[in-house]
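Okay, so here's the structure we're looking at.
No experiment lies behind these values; they were computed from the predicted model shown. Side-chain atoms are counted along with the backbone in the values below, which use heavy atoms only and exclude waters and symmetry mates.
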Amino acid sequence: MVRSLYLFILLLILAGPGQAFAASVFTAKLSKTTIELGKYTHLILTSTTLLPSLRSVNLSVLEDQFYVDASADINTLNQKQYWRIRLYPRRRGKLTLPALHYAQFTSAAKQVNVKPAMDAETGQSLNIESSMSAKTALVNQQVLVTLSVLTKEQHVVLETTTPALASGTLHRLKPWSVVSGDAGLIHHNIGWAYFPTKPGAQTLPLPAVNYKRDGVITHRFYLPVQKLLVRPLPLYVPSNFPVGKLSLQVTPSSLVLLSGRLRTINVTLQAEAILLSQLPHLENYLQTTSGLQLYPASITSGQTAGPDGIKSEVHLQIPVKAAHTGLYQLKDINLQYFEPLSGKIKTLHYQWPTLFFISPWLLSMLGLLLMLLLAFGLLRLYHFARQRLYLYQCWQRARQRLLAATTPQEIKSAIMLMSRAEQGIDNTTLQRWPGLKDIDIEPLSQALYCQRHYDVQQLKKPYLQLCHKGLKLIFWSSTNRRI
C-alpha cells in the first residue's frame with residue numbers, strides 16, 4: 001500500500017512539470033475583450049521557443065469575423081517570441097476568437113464583445129450598413145460594393161483606397177450623402193466598383209473605410225467578407241468583350257457644309273458599367289467614302305465613378321472635307337457589347353444623316369438671290385401697306401364727313417370720298433357707282449333735286465353702315481375692291 005502511494009506521487013511529480021511546460025510554450029491573449037466597431041484589439045501571441053516561427057500560426061481562421069493586421073514584426077527576447085496582431089471586427093455582437101494552432105500546441109478559444117461605433121465628438125452611435133449589388137457576376141461585369149454610415153452629423157469624411165487585386169480591378173466610388181426622412185439622419189456612402197477578370201469563386205479583399213472627424217481618423221471599418229461567384233462569358237463571346245451598355249451621340253456642326261473646307265463632326269461614345277479600357281476604338285469604325293475625306297480625329301476620354309457605378313465616355317472630333325458639291329453619307333456604325341441582363345450580344349447601330357456639301361460661290365449666289373427675293377417681298381409689302389393706309393384715311397374722312405353732315409349735299413360729298421376709296425375717282429354719279437347697288441338712293445336723289453322734306457339722320461344711316469363695312473374689310477381684301 002505504501003509502495004503504491006510512492007509510485008503515484010512520483011507520477012504526479014513527473015507529469016506536473018510536463019503539463020506546465022506545455023501550457024507555457026504557446027499562449028494567445030487579447031488586450032481588450034470589449035471594443036467598438038471600427039476599433040481594434042491586440043491579439044498577443046507568445047512562444048517560449050524560437051522555432052518554429054510564430055508566423056506558422058494559421059491566422060486565416062480569424063478572417064471571417066476579423067480583419068487581421070499582421071504587419072507588425074515578431075520580437076524575440078530571452079529565447080521567447082512575441083507577436084502583437086491587430087484585429088478589427090467586421091460586425092457587431094459577440095464574436096468568437098477560435099483556437100489557434102502552433103506546432104503541436106493549441107490556444108483556447110476566446111470571445112470579443114463588439115459594441116456599436118460611437119462618434120468621438122457627439123457620443124452618438126453610428127449605424128454601419130454594407131451591401132453588394134450581386135452575389136454572382138460574369139467576367140468583366142460590374143459589381144458594386146458600398147458601405148453606409150448613418151448619423152446626424154453633416155461634416156463627416158469617408159476615405160478608402162483601391163489596392164491592386166489579382167482576380168480583377170477595383171475602382172473607388174466618389175463619396176455621396178443622402179438625407180433620410182427619419183429624424184434628419186444622413187447616409188454617408190462610399191464604395192467600390194469591382195470588375196472580375198477571372199472566373200470562379202472569389203473572396204473580395206476589400207480595404208478599410210476610414211471615418212474622419214475634423215481631419216482625424218477615429219474609426220476604421222472593414223466590411224463583412226464579401227464572396228462572389230464569377231461565371232465565364234459564353235464561348236462565343238471574346239474575353240475582352242465589353243459587358244454593360246453602350247450609347248452613341250453624333251452632332252455634326254451642320255447638315256449643310258461648304259465643300260473644299262474642313263468641317264468637324266462630333267461623335268461621343270458613352271458607356272455604363274464599362275471601363276474606359278474596355279471600350280471599342282471608335283476611330284476604327286470611321287472610314288473615308290468616295291468624294292468625302294476623313295482626317296485623323298482628335299480624341300478625348302474620361303471615366304467617372306458615382307453612386308451608379310462606372311461611366312465612361314470617348315469624344316471624337318473628326319475633320320471632314322468634300323471636294324465637290326453633292327450629297328454624302330458615311331458608312332453605318334455597328335458596335336457590339338454583351339448585355340448581362342438579357343445574356344445576349346447587343347448591336348448598337350447608327351446610320352449617318354445625309355450631309356450636303358455646297359461650293360462657296362454657289363452658296364454666295366443662292367444667298368444673293370435670296371436677298372433679292374427678300375428685298376422684292378419687302379417692297380411689295382411696303383406698297384401694300386401704303387395703299388391700305390391711304391384707303392383707310394379715305395374711308396375715315398368719309399365717315400367723319402357723314403357724321404358731321406347736316407344737308408343732302410354734304411352727304412353726297414362724303415359719298416364721293418367713299419367712291420374715291422373704292423374706285424380711285426370721286427366725280428362719278430350715284431347711279432354709276434357699283435358700291436351703292438344694294439342701297440336705295442332714291443330718297444337722297446329726291447332730297448337733292450326735288451326740294452322735298454327730308455330727315456338727314458335717316459338719309460345718312462345706310463351710308464354710315466356702308467362706311468363701317470368698308471373700314472372693317474379694308475385689311476381683309478387683296479384688291480382695291482372693298483364691297
Spell out, as yes or no, whether a donor-acceptor pair under 3.5 Å connects the side chain of [X] to the backbone of [Y].
X      : Y      : value
Arg86  : Ser71  : no
Trp83  : Ala72  : yes
Lys80  : Asn75  : no
Gln142 : Gly244 : no
Gln303 : Ser312 : no
Thr41  : Lys32  : yes
Gln81  : Leu45  : no
Gln278 : Asn240 : no
Asn140 : Ser239 : yes
Thr197 : Ser167 : yes

Report yes if the side chains of [X] and [Y] come closer than 4.5 Å at any heavy-atom pair, otherwise no.
X      : Y      : value
Lys152 : Thr122 : no
Leu379 : His383 : yes
Leu374 : Leu378 : yes
Ile358 : Leu366 : yes
Glu313 : Gln270 : yes
His188 : Pro175 : no
Leu269 : Pro280 : yes

Drop me the distance from [X]'s [atom1] to [Y]'s [atom2], to the nearest 0.5 angstrom.
X      : Y      : atom1 : atom2 : result
Leu173 : Thr160 : CG    : OG1   : 10.0 Å
Ile186 : Ser148 : CD1   : OG    : 11.0 Å
Lys94  : Lys115 : NZ    : NZ    : 13.0 Å

Look at atom [atom1] of [X] and say whether more than 12 heavy atoms of other residues, nucleotides or ligands are closer to it than 6.0 Å.
X      : atom1 : value
His349 : NE2   : yes
Tyr236 : OH    : yes
Arg213 : CZ    : yes
Arg55  : CZ    : yes
Lys110 : NZ    : yes
Lys39  : NZ    : yes

**Request:** Look at the rings of Phe357 and Tyr328 and say which category their plane angle falls in: under 30° parallel, 30 to 60° tilted, over 60° perpendicular.
**Result:**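 Ring orientation of Phe357 relative to Tyr328: perpendicular.
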**Ring geometry between His219 and Tyr211 (parallel below 30°, tilted from 30 to 60°, perpendicular above 60°)** =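 Because their plane-to-plane angle is over 60°, the rings of Tyr211 and His219 count as perpendicular.
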**Message:** Walk me through whether Phe105 and Phe26 qualify under ring pair (Phe, Tyr, Trp, His ring centres under 6.0 Å).
**Reply:** CA-CA 7 Å; Phe105 308 104; Phe26 175 63; 7.8 Å; no
**Item:** Worked check of side-chain hydrogen bond (donor to acceptor under 3.5 Å, both in side chains) between Asn334 and Tyr285
**Value:** CA-CA 8 Å; Asn334 292 290; Tyr285 294 83; over 6 Å; no
**Asked** Under the side chain to side chain contact (heavy atoms under 4.5 Å, CB included) criterion, do Gln202 and Tyr194 qualify, and how do the steps go?
**Response** CA-CA 12 Å; Gln202 299 182 9; Tyr194 176 66; 2.5 Å; yes
**Prompt:** Between Phe241 and Phe338, is the ring centre distance below 6.0 Å?
**Reply:**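 Phe241 vs Phe338: aromatic centres not under 6.0 Å.
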**Item:** For Val314, the option from Leu282, Leu276, Thr268 that meets side chain to side chain contact (heavy atoms under 4.5 Å, CB included)
**Value:**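 Passing option: Leu276.
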